[in-house]
Amino acid sequence: MERAAGQVTLLQAARTVARGGELDAKLDALAEHVRTAADASFAIIYLLDPVANVLLPAAQAGAAEGALSSAGAIPVDDESQLAAQAVRERRTLSGAPGPDAAATGDGTASLMLAVPLVATDEAGGEDAEGVLLVALRETPADASGVEDALTALADLCAVAIRNARLQNALL
């Protein structure tokens with residue numbers, strides 16, 4: 001049975017989440033799956049620190065060396081940040097690459113997507129766990145297909161983060 005490349009990437013990402021291991025390694029692998037699925041210049045996964053109300057860079061794929069450490073925290077209430085707005089509004093947003101996109105990636109990004117990492121709690125409420133920031137090389141012909149794939153991958157990221165946080169709470 002032949003599968004499309006996007007399906008294979010989603011299956012591999014699901015296996016990454018389902019198998020044991022450290023959260024950092026899972027997020028690194030998931031960032032690479034995102035980059036591959038979207039044919040993106042780079043992908044960065046930010047975790048939400050709800051106490052400090054900031055997004056902290058946790059994993060990346062395709063970004064320039066040292067980009068993760070230089071990315072810095074993003075205040076969730078920062079109106080100018082696409083990633084922060086996506087977390088506040090709990091929806092996928094797109095925009096032009098900011099000045100930091102060229103420094104972070106290879107300079108080929110033409111469109112940025114910010115996909116919130118949302119997990120459902122026991123009561124059915126939605127909690128933001130972070131955001132997935134993706135730099136696309138070009139505007140995709142099938143934008144809804146790319147967004148659907150990124151949303152599925154963002155959901156897997158949210159599950160991995162939620163499970164790690166629950167394990168830490170138990171310990």
Side-chain angles (χ1 to χ4, degrees), residues 13 16-17 22-35 37-38 40-64 66-105 109-136 143-144 146-171:
T16 298
V17 172
E22 294 294 317
L23 179 61
D24 290 345
K26 286 182 181 185
L27 293 180
D28 285 338
L30 288 168
E32 184 58 39
H33 291 308
V34 166
R35 194 179 69 76
S41 177
F42 66 86
I44 299 177
I45 297 172
Y46 288 86
L47 298 181
L48 175 64
D49 177 343
V51 175
N53 203 33
V54 296
L55 294 164
L56 301 169
Q60 67 86 20
L68 198 59
S69 59
S70 66
I74 299 173
V76 173
D77 58 359
D78 186 339
E79 298 287 330
S80 69
Q81 293 287 335
L82 188 67
Q85 185 181 355
V87 168
R88 287 193 312 274
E89 296 180 13
R90 305 282 198 281
R91 66 185 180 100
T92 299
L93 299 172
S94 63
D100 57 335
T104 305
S110 68
L111 179 69
M112 298 295 290
L113 290 175
V115 186
L117 310 179
V118 179
T120 304
D121 65 20
E122 299 76 31
E126 292 183 342
D127 291 328
E129 299 292 342
V131 67
L132 173 61
L133 190 64
V134 182
L136 299 179
S144 65
V146 170
E147 188 174 328
D148 287 346
L150 291 177
T151 300
L153 288 161
D155 288 346
L156 288 170
C157 292
V159 167
I161 295 164
R162 172 59 63 94
N163 285 345
R165 288 182 174 171
L166 289 173
Q167 285 178 338
N168 287 340
L170 289 174
L171 298 175

Checklist entry - For Val134 and Leu136, what are the C-alpha separation, side-chain angles and deciding distance, and is it a side-chain contact (heavy atoms from CB on, under 4.5 Å)? => result CA-CA 6 Å; Val134 182; Leu136 299 179; 3.9 Å; yes

What are the two closest heavy atoms between [X] and [Y], and how far apart are they?
X      : Y      : value
Thr16  : Ala29  : CG2-CB, 3.8 Å
Ala83  : Ala114 : CA-CB, 3.9 Å
His33  : Ala13  : CD2-CA, 3.7 Å
Leu150 : Ala38  : CD2-CB, 4.0 Å
Leu23  : Ala160 : CD1-O, 3.7 Å
Arg35  : Ser41  : CD-O, 3.9 Å

Passing option when [X] is tested against [options] for side-chain contact (heavy atoms from CB on, under 4.5 Å):
X      : options                     : value
Tyr46  : Leu56, Leu117, Leu133       : Leu133
Val115 : Leu153, Val34, Thr92, Ile45 : Thr92
Val131 : Leu55, Leu47, Val118        : Leu55

How long is the gap from [atom1] on [X] to [atom2] on [Y], to the nearest 0.5 Å?
X      : Y      : atom1 : atom2 : value
Met112 : Leu82  : CE    : CG    : 7.0 Å
Gln85  : Asp78  : CD    : CG    : 10.5 Å
Asn163 : Asn168 : CG    : CG    : 11.0 Å
Arg162 : Gln167 : CZ    : CD    : 13.0 Å
Ile161 : Leu27  : CD1   : CG    : 5.0 Å
Asp24  : Lys26  : CG    : NZ    : 11.5 Å

Checklist entry - Would you find a donor on one side and an acceptor on the other, under 3.5 Å apart, between the side chain of Arg88 and the backbone of Val76? => result yes

Item to check | Val159/Asp155 under side-chain contact (heavy atoms from CB on, under 4.5 Å): CA gap, chis, key distance, verdict | outcome: CA-CA 6 Å; Val159 167; Asp155 288 346; 5.6 Å; no

